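Take a look at the structure set out below.
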Amino acid sequence: QLVESGGGLVQPGGSLRLSCVVSGFSLDYYAIAWFRQAPGKEREAVSCINISGGRIYYEDSVKGRFTIQGDNAKNTVYLHTNSLDPKGTTVYYCAAEPNDIVDHSSTCALAYEYDYWGQGTQVTVSS
């Protein structure tokens, strides 16, 4: 099970820390990815982490602004979002899949390749 939290209303340029709490499996064996989806658009990868493999990737649109962090002790993966763009309402999801999905390819793979998903947390960037 994956449970996201931390979303809310934030002004343009603001920050939020999103959390993905994982239960039922270990972050030692599963990679976690953050995706986002705006209304009417496809779900797109934002960042992903393979903790035991020491791999972290970011999509170009968020490099330098977002930071992903894993905490094995708390079974939690965080997404620190900074300098948020005024894109209205976006739902952020975390997803899990065995570690191999985040390997040497320098990408987080596509949404359909992940089998385990949280319910999402809504982020609204507006003044």
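If you're wondering where the values come from, they're calculated on a predicted model, not measured in any experiment.
- Ring centers of Phe25 and Tyr30: under 6.0 Å apart, within the cut-off.
- Taking 4.5 Å as the limit, some side-chain heavy atom of Thr89 sits within range of a side-chain heavy atom of Gln122.
- When all heavy atoms of Val62 and Val46 are compared, the pair lying nearest together is CG2-O, 3.5 Å.
- The main-chain N or O of Tyr57 is found under 3.5 Å from a side-chain atom of Ser47 such that the two form a donor-acceptor pair.
- Between Ile32 and Val22 the shortest side-chain heavy-atom distance falls below 4.5 Å.
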Table please: side-chain donor-acceptor pairs of residues 111-121 below 3.5 Å, with sequence neighbours left out.
{"unit_1": "Glu113", "atom_1": "OE2", "unit_2": "Leu110", "atom_2": "N", "d": "2.9"}
{"unit_1": "Tyr114", "atom_1": "OH", "unit_2": "Cys108", "atom_2": "O", "d": "2.6"}
{"unit_1": "Trp117", "atom_1": "NE1", "unit_2": "Tyr114", "atom_2": "O", "d": "3.0"}
{"unit_1": "Gln119", "atom_1": "NE2", "unit_2": "Glu4", "atom_2": "O", "d": "3.2"}
{"unit_1": "Thr121", "atom_1": "OG1", "unit_2": "Gly7", "atom_2": "N", "d": "3.0"}

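- Applying the disulfide (SG to SG under 2.5 Å) test to pairs two or more places apart or on separate chains, those with a residue in residues 8-37 are Cys20-Cys94.
- The backbone N or O of Arg65 lies less than 3.5 Å from a partner atom in the side chain of Asn82, making a donor-acceptor pair.
- Listed by chain and number, the residues in a side-chain hydrogen bond (donor to acceptor under 3.5 Å, both in side chains) with Tyr58 amount to none (sequence neighbours excluded).
- With a 4.5 Å cut-off on side-chain heavy atoms, Leu84 and Pro12 do not count as touching.
- Checking side-chain atoms of Gln37 against main-chain N and O of Lys41 turns up a donor-acceptor pair under 3.5 Å.
- Smallest separation of non-hydrogen atoms from Arg36 and Thr90: CB-CG2, 3.5 Å.
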